[in-house]
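Here the structure is laid out as structure tokens; the discussion comes afterwards.
Everything quoted here is computed from the prediction, not taken from an experiment. In the text below, chain A, chain B and the rest are named by the order of the sequence lines, each starting its count at 1.
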Amino acid sequence: MTRFWLLKCEPDVYSIDDLERDGRTGWDGVRNHQVRNFMRDEMKPGDLGIFYHSNAEPPGAAGIVRIERSGVPDPTQFDPKSEYHDPKSRREDPTWRMCEVSFVERFAELVPLDRLRGDAALASLLILRRGNRLSITPLERAEFDRIRVLGAVRAETGTKGAAGKQGAVGTKGAARTKERLRAAK
DNA sequence: GCCAACGTTGGC
DNA sequence: GCCAACGTTGGC
């Protein structure tokens, strides 16, 4: 059974444009146990996800991805040079997992958070709940379908946001602080 | 195990 | 830059 997910990432770190260019990417850098468990136990090849731009101007739903693999050991945990290196993790039993996602589509226009919030059909969307900070959350099929419909319709007004167009150097699962972003430049 | 201090996330 | 809402850490 196909399941549906919402994957958050800061576009300054990795955006839907980067994924369109790359075609496929490892969703590495997740260091939250709940999200790790989703990727290890629940996400399956063929599942679909909304790619959400967080910490952006404006934040919102940017496109659609397909889960290609999941539960894959995240290589950054074994890389001493990575800021996500975890010296306690063993190769025989990796602590941190990632999924691999492929590009499906970029929305005709980003669906801003305001628009998601104002939509009655999305009232139960987990990312709209106060205090929710998980970088990956499950979606109902109806929620996924609704966001896809909103994304397919080009708004009659509104300017296209200047999406970040940087190389794929960062990690997706964990947002970077502005300080770290600055340091990375 | 408790909990205060601190760090992170992410919208605004 | 601010701050609410977490999660993590470490002393006890």
field: Atom-pair distance (CG on A/L128; P on B/dG10), nearest Å
entry: 14 Å
message: Under the ring pair (Phe, Tyr, Trp, His ring centres under 6.0 Å) definition, can you give me all pairs with a residue in residues 131-152 of chain A, not counting sequence neighbours?
response: A/F4-A/F144
Polar atom pairs (N or O), protein with nucleotides 7-9 of chain C, under 3.5 Å:
none

query: Mind checking what makes side chain to side chain contact (heavy atoms under 4.5 Å, CB included) contact with A/D41, not counting sequence neighbours?
result: A/N37
query: Whole-Å distance between B/dG11 P and A/L110 CG?
result: 11 Å
- prompt: To the nearest angstrom, how far is A/R130 atom CZ from B/dC12 atom P?
  reply: 13 Å
statement: Applied to residues 43-52 of chain A, the side-chain hydrogen bond (donor to acceptor under 3.5 Å, both in side chains) test, sequence neighbours excluded, yields A/W5-A/D47
query: Rounded to whole angstrom units, what separation is found between the NZ atom of A/K8 and the C1' atom of B/dG10?
result: 7 Å
- request: Output the single nucleotide from C/dA5, B/dC12, B/dG10 whose closest atom is nearest the side chain of A/S54.
  value: B/dG10
field: Axial bend angle, the helix from B/dG1-C/dC12 to B/dC12-C/dG1: five-pair end segments, nearest 10°
entry: 10°
message: Using the side chain to side chain donor-acceptor pair (under 3.5 Å) criterion, which residues pair with A/N32? Sequence neighbours excluded.
response: none
message: Within the 3.5 Å criterion, strictly below it, is a donor on A/Y14 or A/D22 matched to an acceptor on the partner's side chain?
response: yes
query: Looking only at heavy atoms, which two atoms of A/L126 and A/N132 are closest? And how far apart?
result: O-ND2, 3.3 Å
field: Pair listing, salt bridge (charged side-chain N to carboxylate O under 4.0 Å, His left out) test, anchored in residues 123-147 of chain A, at least two apart
entry: A/D119-A/R146
task: Using a 4.0 Å heavy-atom cut-off across all strands, classify A/R117 as base, sugar-phosphate, or nothing.
output: sugar-phosphate
A/R148: partners by side chain to side chain donor-acceptor pair (under 3.5 Å), with sequence neighbours left out: A/E105
Output one line per pair: protein atom, nucleotide atom from nucleotides 2-4 of chain B, and distance, for all N/O pairs under 3.5 Å.
none

query: Taking only residues two or more places apart in sequence or in another chain, which ones pass side chain to side chain donor-acceptor pair (under 3.5 Å) with A/R117?
result: none
- request: Kindly write out the residues that satisfy salt bridge (charged side-chain N to carboxylate O under 4.0 Å, His left out) with A/R97, not counting sequence neighbours, or none if the list is empty.
  value: none
- prompt: By side chain to side chain donor-acceptor pair (under 3.5 Å), which residues pair with A/Q34, not counting sequence neighbours?
  reply: none
Atom pair distance, as rounded to whole Å: CG in A/L134 and P in C/dC6: 11 Å
